[in-house]
Every structure is written in structure tokens, then in C-alpha cells.
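We count residues from 1, following the sequence as given. The structure displayed is predicted, hence computed values, not measured ones.
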Amino acid sequence: MALSGMRGLSVFISDVRNCQNKEQERLRVDKELGNIRTRFKTEKGLTPYEKKKYVWKMLYIYMLGYDVDFGHMEAVSLISAPKYPEKQVGYIVTSCLLNENHDFLRLAINAVRNDIIGRNETFQCLALTLVGNIGGREFAESLAPDVQKLLFSSSCRPLVRKKAALCLLRLYRKNPDVINVDGWSDRMAQLLDERDLGVLTSSMSLLVAFVANNHDAYWSSLPKCVKVLERLARNQDIPQEYTYYGIPSPWLQVYKSFKVKTMRALQYFPTIEDPNTRRSLFEVLQRILMGTDVVKNVNKNNASHAVLFEALALVMHLDAEKEMMSQCVALLGKFIAVREPNIRYLGLENMTRMLMVSDVQDIIKRHQAQIITSLKDPDISIRRRALDLLYGMCDVSNAKDIVEELLQYLSSADFAMREELSLKAAILAEKFAPDLSWYVDVILQLIDKAGDFVSDDIWFRVVQFVTNNEDLQPYAAVKAREYLDKPAIHETMVKVSAYILGEYSHLLARRPGCSPKEIFSIIHEKLPTVSTSTIPILLSTYAKILMHTQPPEPELQNQIWAIFRKYESCIDAEIQQRAVEYITLSRKGAALVDIMAEMPKFPERQSALLKKAENTEADTAEQSALKIRAMQQSSNALVVTDHHPANGTPPVSQLAMVKIPSISSVDHNTADQVVTPENGALSVVDPQPSEPSVDLLGDLLGPLAIEGPPAATQSEDNSVSGVDGSSYVDEALALAPVGEDANPIQIGIKAEWRAHQGRLVLFLGNKNTGPLVSVQALIMPPSHLKIELSVVPDTIPPRAQVQCPLEVINLCPSRDVAVLDFSYKFGTQGVNVKLRLPALLNKFLQPMSVSAEEFFPQWRSLSGPPLKLQDVVRGVRPMSLSEMANLFNNFRLLVCPGLDPNPNNLIASTTFYSESTRAMLCLMRIETDPADRTQLRMTVASGDPTLTYELKEFIKEQLVYIPTTSGGPTAAPPQAQPTSPPTTVSDPGDILAGLLH
């Protein structure tokens, strides 16, 4: 952009650059746009200089990111200017400001065509550049024939013909149905005789596009492509202007890139029948293979390797002799052993591609040790490619070695790779298992080492194998019994072990420690640690154990019946149904044996894992784990009837603290009322049975508050942070305003969390005899959460409950909380409620146990800010070290005892899940002073700076703002009388005490 003589443009650019902030810049730009608009409208006789200056200003403003919605006609009109400076401005600004569908482009077609068919080569280049950049359909229909004439014209200079070839390529890619290429075979063959490398390179790009769509029409070009490749490989007739210190065009690599394009064009032809052409081509490929090596010059490496890898692709395409294939593999074997990581990556990637060629796998196996070594490379991209290669080269002969290496590597593998690694190890074990007992061993080891990353399809498959093979059942039962003896096992191991022992534990009855009562005891020990999705499997296991002990042992039968009775009124429909059915069936005596007989054999069908493996492309193997994790669930609102439990008063853990919006007529004699009716009242959830929960303090220790609208006379803000020592079962919350006769509305939340995803269900219950109308629910998510809420019905019928599923995806670490804005009309009164959803930071944490060998290398590698942050926390509620350890465990931060030599310190670890960080290991160290328990020093480390800061601040907030509670029920506060003034309750402990009363 030549600015000489354009003082106004230079001053404007200088003013913009001197602006102190964005607001000043916007004001200066708006002032200039107003001035330009005024000049364009009022002064019709603008000189070419002035018009050019203003159009340059418009382009500069557009480059700054501002919308320019006028002046397009002035820019297009400059294309018709007779002088080069104005015409250049017109072409540049038009190609930047207008797209292919803009109406003003029609006005420029004639001017552009005149420049193309004219004799001025500079104007021709400007016009071809514009057409190539925009590439619209109207340009293609009107100008393609003229561009073709320029390409094949012998009177045009190479510069113009090169641009014509590239322009035609752009038009063909955008509008292949408009460009008529019939009969172009001979013309393209003539273009390959060009001596100018610029024209030849552009023509080869055009040929690649044509051959990709229809190679049959261009067979005549095949021999000439081979001759051109031979000429370039021998460095013959390379013009002086394309050489630099004896190297053909090293700064643009025209020579190399043209060779690559030629070999790519050859790959579109299926075979080469002519023996002379085939021999010449293989000689060229042999020369490339022999002449390529790793040197210190990075630029030369990049150029030569681009040619080499394209040559390898051509060798595989042509199905060359085994000797040449061996030479290719040997060359790649050198690449994967060098120090340069980029070259190692390319070597592994191309060796993986060579697996598609027959009879090459045995040659690649010679480099198995070096490939396994690449699994420990510091670069994760190299580790991924090594994993892909090992997966592809595995067969019956080396399956045991490779799977054992993968299992050994699994315990130290990066968290981002563990799911893919687990999937591939399971697939290899199934495809190439020498015997089924080895397969069972591998899958159980896999679940034991990487339970969080093992999909349900994997343990479903091993259960199918055990069920269908009677000889395998005792062995599988023994192995499942051995894993249950471990003090801490993953929940997936509990599932598979419970299922196998429920079906086949009777086969171990004569073994020591395997009596039905002992099997029941060791499985029942795991019940408090599992989630609601596993409890149905355990209930089925208990029923099976009871069936195998006919006649039943009275003590064992009473223990199992007590468990069934406990879950008969569970909030989870699946658990409730199984408990009711099993306790009924277990009373049928000997008939239970026939009813609860062993599962029949599964029908033979294709493995879901193998099907996924077949659908996975070789070069996108890293996406296979993501496909397995994708779990699509419907989220349609369901209307169900209101349920009332039969077991009386709800347990303590079911009580929810809320603030209720006011409604006109209030019953002042409500027993559980804590806040005066004008501000609303605290209410409890409908009674539900208590059940164990893994996340005891997950919601309560987060900043949870439910706010109601202001009352007619007075407003009061009561927020509840949580209560130490109690829990929400299934994260149930409730919001119930007080009405004339009963609480007309109840809002409940039930949630389930897995990795970076969560599924919540909003329960909207109408407890009155009249309908709730104009019901609306709006989620206001923070930027780090992606939340999808199903459709909420406009009306909730009387005595009915609506379930609205809610999908939550964590995008990145943050402490912000999503808010539910809920409103409805009850009679003539409109009510609006805001509820903070329990999608807190700790919901996306998964406790992770680490050993000293794993912890200290990770801790040292995360050195200093921002990956490792330290803070002194003061004002901590005094607590013992064991209480603090329990507190962190409830935060899903697993305390690892024995790692810190100082007994007054704690070390904890966890895994954080989000879309941006995937599975990210987080480590924490707490240093306490026995003499002063009100302060501590906290150090948090992770591989993501934002995660480190957010997790540190989250833990700090919980340590400082934990409310205290009384040890037992206390006296309820006085009931509010109609004449008494409003009572303020701000202490969460007092609120809970009132509820417990």
C-alpha cells in the first residue's frame, strides 16, 4: 500500500495508533466514517485522488474490525479507472469488502473482463487475482472461458499464465458444474511440456484437481507426469532464477513442492500398465529413498521429508516390490530413533500408514522394541502415534507382549491417553486372546488399573464371555473374589465382580472364604462406596446368593431382607422396583431356585468393541475413546403423579434449607416456619428414605443459595452456604412456598455426575388442587458451563409433578454457579424464584490415589507459578487433622497418607474433568501448625494455570466459610405470631436447628 502523497490517510492512521483505549479508537473511527459518508453523498465531483484516499481509509477501518456498510460502489467504480494506482485500489478493496454474493459485483464483471482480455499484463494480473479470491458463480459463468484462453495462450507471459491456472483452479473448486473441462486431456498434457517451473507448478495443481474427480479422462498425462518427475529428481534444466546458492528455490521450495504435487497426481491413477513408465517411476522413487537422510539443517529436512513421505505414499499406492517396501520401513526405522521429535512423529505416522500394505507387518515388527520405547516419549503426540502403531501391528504372534506392555504403561500413562489406551488394550485382548482365561485376566487388570477410563462395553463383553463358556466360570469367579479382597477397588470392578459372583459363587462353595455368607459380607462392604447406578446390580447379587443357599440360612436371609426393605421406598425407581420384587420373590422358598436361575447364554453377535474398532479410521485413532464416551440421552419433560412415602418423617439428611417467596394469604401456624410469612418460610422435602451417598458434603460445602422475590412490604436476603455433617441424598433440594392450605409448589433437583458431564433432573411439583400456569424455567449458565434444559410445560396440573432433564457439560475450570430463573402464576399472584444449581467445581473432580513413585515426579515437574500456587489461609475453623482429612475426602480430594514425612501435613490428589483440560491431575499439600489450628499453608498444583487458581480459591473459601452445627436437635424458635415483627434468621446453624426440631 503506497501512502506517498496521501497525507490525510497517514494522519488518520497515526491518530488511530495514538488512541489510549478502545473507546477513543471507536470515536475516532466513527468520526472518520461520518466524514467519508458525507463526502461521498454531498460531493459528486470527487477527484480520483480523493476517491482513492477515502477508499483506502475504508479498507483500513475494515481491517481494524469495524463494519463498513457503505462506499462499496465507489470501490467498484475504481476498477474501471484507466490508471494503475486507482485500479489497484479498486481491485484490492473490492476483493476485501465484498463476497461472492454481493450485488455490486455484477457491476464489475464487464470491467474485469475488459482487463482480462486486454493487452496490459499488469491489469490482467489484478483481474485474475480478484476473480481467484472471490470465485463466485457469476464470475465463473462469465469469465471462465476468457481465463482458459489466457492459460493456453502462447503470447502471454508466464506470470499471467500462472495466475490464470490458479484462478481457474479456484473457479473449478467452487463451481465444478460450471467449468466445462470436456476435451481438456490433450490440453493438460501440453501444459506438462512447459519449461517454466511457475506455470508447470500451477498447471500441476490444476491437474490434481481434475484427476481427483475423473482420472480416466487424463491417462495421456500419466507418462508426462513421470517424465517431469524424472527431470526434477535429476535436477535437469532448472532455470537459474529458481536456484539459490545451488539449491533450487530453497526459500519458496517451488522445486520440492512441485515434485510433491506430481507424485500426488500419480496417486489418483489406479495402476501403471506400461512397463517402461513403471520402471522409470520406480527408479525415481528409488533415487528419492536413497538420497534422503536426516541432516542438521531444519529447512532442508522439511523440504526433503515432504518429498520422501509423498514418495512413500506413492510406493504404497503402486504396491511396489517387497524389497522396496523393506527399504521404506528401514528408512522409517531410522527416523523413529533420532532425537528430533518432529522426525520421530513423522516416522511413526508413516509407519502406521504402511500397515495398510500387505506383507509389511512382519518387517515392521523388527522395530517393535523402539516403538514401545516411544510410548515413554515426553511428547504426547508421539506417544499417541506409538500407541496407534502398536495397535495396528498387533497379531496373534505378538499380542501377549504388546498387551502386557500396554498394561504396564497404563499405570504411568498420561490421563488424556488412558481411555484410548484402555479401549485398545481391551480390543487387542479380545481379538488375539490365546485362551479365554488370559482374556479375563487382562480385562480385570485393566479395570483395576484404569477403572475411570474403562467403558461399560468392556465389562459387558467379559461378562458375556464368562456366561457363554462354562469352563471359564469357576476361574472368573475365583479372580473376582481375589479382587474383592483388595481394600480399595474401582466401582466398575465392584460391578463385574458382583455380577460374576452372584451367578457363579456357588461353584466356589468348597473353597475357604467362599461360603455364601462370606461372599455376601465382602460384597456388602462395598455398598456404601458405590453410586446409585451400581446398587441395582448389588441387589441382584444378593438375591442370587439367597437363591444359592436354599434352604436359606436365617441370619443371612434376615440381613438381605433388611437391605431390600431399606430400598423399598428409594427415590430411584430402578432400585425401588428391584428391592420390592426381590423381597417378594425371596419369600417363595424353593421356587426361588427356578425363578432366579442362572442367566442363559447370550446369543452370538458382533462385539461392540470390535465394531467400534472397524469404524475407526487409521489416522483418527485418538478419537475412538471420545466416540465410546459419547452417551446420548433424551431429555423430554415427563409428567408423573405425586408420590407420598409410607415411612413417616423424613430423615435428617433429607432436610433442605431454602428461602420461600411470599404469597398473599399465609398460614401463621406452620410448624416448621422459621422466617416470617412476609418473607416466606423454610420448608422440607417430601419424605424419602435415606440412602448412602458417596459425595456427602459435595453440595453443602459449596456456595448454594436460593433466593425468592421481594415481598410486598419487606425484603430479606437469606443465603445458605451449607451445613457441616449432613448431606443431600441424590443432591435433592426443595423449594416450597407457603400457601393457604398447603405448599403449592415444590422444586427438587436430583443429579448424577460423570467426568466433565452431569445429568440433573428438575422436579417441579404442584401440591395444590389448582393448576400452576405460565410456568417458565430459564437457565442462566456461566461461561464455563454448557447447559441444555428440556422443554418445560406451560401448565402443571393439580397434584402432579413434572420432571425436566438437564444436561451439563463443563467446558473449563471456574467457581461460578449457574442460576435457574423459575416463575409461575398461582391464582392471580405471580411468583419468581432464582435457584443456584449445584453444578460446582468439585462436581467435576474424581478422587485419585497416587503412590510416592507417582506423586513426587509430578510434583517436581509442576514447578512454580502459575502451575503451582501457594497461599497462607487464615481464619480456618479449628479442627483435628483427621477431621480435615475427612473434609477433603468429601470435597473429592483423596488424602494420601504416608507421602509427607511431616505428620502434621496432608497430601491430597484428584482428577479434574472438563472439555478444555480433559482429565487433569491435581495435587495439593496442606501444612498445619499444631499450635495454631486457625491457619495453614496450602499449595495446589496442576497442569493448567486456571485450574490451579480456581481450585485453590475454591478450597480456601470452603475452609474459611464452613458453618458450624449443633451436635443434636435443639429447641425450635418461637412460632411467629400475626402481631409479632419479622424475625431474622441468618445463621445456617440456627436454620438447621429449626428444621431438625
Does Gln757 reach the main-chain N or O of Ile809 with its side chain, forming a donor-acceptor pair under 3.5 Å?
no
Where the side chain of Gln124 meets the backbone of Gly118, is there a donor-acceptor pair that is under 3.5 Å apart?
yes
Heavy atoms only: give me the nearest Cys167-Gly132 pair and the separation to one decimal.
SG-N, 3.8 Å
Can Asp69 and Arg37 be counted as an ion pair, charged N to O under 4.0 angstrom?
yes
Could you go through the side-chain hydrogen bond (donor to acceptor under 3.5 Å, both in side chains) check for Gln846 and Thr911 one step at a time?
CA-CA 5 Å; Gln846 184 64 40; Thr911 305; over 6 Å; no
Using the side-chain hydrogen bond (donor to acceptor under 3.5 Å, both in side chains) rule, take Glu340 and Tyr345 through it: C-alpha gap first, then chi angles, then the decisive distance, then the call.
CA-CA 9 Å; Glu340 175 61 35; Tyr345 176 87; over 6 Å; no
Look only at the side chain of Arg170 and the backbone of Asn133, and say whether a donor-acceptor pair between them is shorter than 3.5 Å.
yes
CZ (Phe912) and OG1 (Thr948) are apart, to the nearest 0.5 Å, by 11.0 Å
Check whether any side-chain heavy atom of Lys87 lies under 4.5 Å from a side-chain heavy atom of Lys83, and answer yes or no.
no
Is Asp177 paired with Arg137 through a side-chain N to carboxylate O contact shorter than 4.0 Å?
yes
Give a yes or no on whether the backbone of Arg339 and the side-chain of Arg344 come within a donor-acceptor separation of less than 3.5 Å.
yes
State, with a plain yes or no, whether a side-chain heavy atom of Tyr60 is found less than 4.5 Å away from one of Val55.
no
Shortest non-hydrogen contact between Pro813 and Thr946, atoms and distance
O-CG2, 3.8 Å
Minimal heavy-atom distance between Tyr54 and Arg39, with the atoms involved, is OH-NH1, 2.6 Å
Regarding Asp871 and Arg937, does a basic nitrogen lie under 4.0 Å from an acidic carboxylate oxygen?
no
Do Asn21 and Glu25 come close enough that some side-chain heavy atom pair is under 4.5 Å?
no
Any side-chain heavy-atom pair from Lys52 and Pro85 closer than 4.5 angstrom?
yes
Counting C-beta onward and ignoring hydrogens, is there a side-chain heavy-atom pair between Leu130 and Ile79 closer than 4.5 Å?
yes
Mind running side-chain contact (heavy atoms from CB on, under 4.5 Å) on Leu869 and Thr939 for me, showing each step along the way?
CA-CA 6 Å; Leu869 298 177; Thr939 308; over 6 Å; no
When you measure from the side chain of Glu50 to the backbone N and O of Leu46, does any donor-acceptor pair fall under 3.5 Å?
no
For the pair Ile61 and Leu33, evaluate side-chain contact (heavy atoms from CB on, under 4.5 Å) and give the outcome as yes or no after the intermediate values.
CA-CA 9 Å; Ile61 293 172; Leu33 286 175; 3.6 Å; yes
Would you find a donor on one side and an acceptor on the other, under 3.5 Å apart, between the side chain of Asn810 and the backbone of Tyr913?
yes
Taking the side chain from Arg161 and the backbone from Leu151, do they hold a donor-acceptor pair closer than 3.5 Å?
yes
Salt-bridge criterion met for Lys174 and Glu100 (N-O under 4.0 Å):
yes
Between Glu957 and Arg815, is there a side-chain N and carboxylate O pair less than 4.0 Å apart?
yes
Is the shortest distance from a Lys or Arg side-chain nitrogen in Glu121 or Arg157 to a carboxylate oxygen in the other one below 4.0 Å?
yes
Do Ile134 and His102 come close enough that some side-chain heavy atom pair is under 4.5 Å?
no
Tell me whether Tyr949 at atom OH has more than 12 heavy atoms from other residues, nucleotides or ligands lying less than 6.0 Å away.
no
Spacing of OG1 belonging to Thr910 relative to CG belonging to Leu845, to within rounding of 0.5 Å
4.5 Å
Given the ring of Trp859, does Lys868 sit roughly above its face, with NZ or CZ under 6.0 Å from the centre of the six-membered ring and within 45° of the axis?
yes
Answer with yes or no whether the side chains of Tyr91 and Glu86 bring together a donor and an acceptor at under 3.5 Å.
no
State plainly whether the residues Arg383 and Asp377 are in salt-bridge range, i.e. N to O under 4.0 Å.
no
Should we count CG of Asn99 as having more than 12 external heavy atoms under 6.0 Å?
yes
Is there a donor-acceptor pair closer than 3.5 Å between any side-chain N or O of Ser202 and the backbone N or O of Val199?
no
Test log, rule side-chain contact (heavy atoms from CB on, under 4.5 Å), inputs Met63 and Cys96
CA-CA 9 Å; Met63 291 168 61; Cys96 292; over 6 Å; no
What residues, two or more places apart in sequence or in another chain, satisfy side-chain contact (heavy atoms from CB on, under 4.5 Å) together with Asn120?
Thr122, Phe123
Answer yes or no: is there a donor N or O on one side and an acceptor on the other, between the side chain of Arg892 and the main chain of Lys843, under 3.5 Å?
yes
Measure the spacing between CD1 of Ile36 and NZ of Lys41 and express it to the nearest 0.5 Å.
13.0 Å
Say whether Ser381 and Asp379, considering side chains only, have a donor N or O and an acceptor N or O under 3.5 Å apart.
yes
Minimum heavy-atom separation for Val93 to Ala75, with atom names?
CG1-CB, 3.8 Å
Once you round to the nearest 0.5 Å, how far does CG of Asp115 lie from CZ of Arg113?
11.5 Å
Whether the Glu950 and Ser814 side chains hold a donor-acceptor pair (N or O, under 3.5 Å, no angle test) is what I'd like checked.
no
Treating Thr94 as the side-chain partner and Gly90 as the backbone partner, does any N or O pair qualify as donor plus acceptor under 3.5 Å?
yes
Is the closest side-chain heavy-atom distance between Ile787 and Glu807 below 4.5 Å?
no
Testing Leu128, Val112, Val131, Ile117 for side-chain contact (heavy atoms from CB on, under 4.5 Å) with Asp146, which one passes?
Ile117
If I compare all heavy atoms of Leu841 with all of Leu951, which pair ends up nearest, and what's the gap?
CD2-CA, 3.8 Å
Would you check if Val873 and Gln935 make a side-chain contact, meaning some heavy-atom pair closer than 4.5 Å?
no
Grab the two heavy atoms, one from Leu150 and one from Ala164, that are nearest each other, plus how far apart they are.
CB-CB, 4.1 Å
In Å, rounded to the nearest 0.5 Å, how long is the span from OG1 of Thr129 to CG of Leu166?
9.5 Å
Check the pair Leu936, Glu927 against side-chain contact (heavy atoms from CB on, under 4.5 Å), reporting the backbone distance first and the verdict last.
CA-CA 6 Å; Leu936 54 83; Glu927 300 171 81; over 6 Å; no
Straight-line distance of Met938 CE to Ile955 CD1, nearest 0.5 Å
5.5 Å
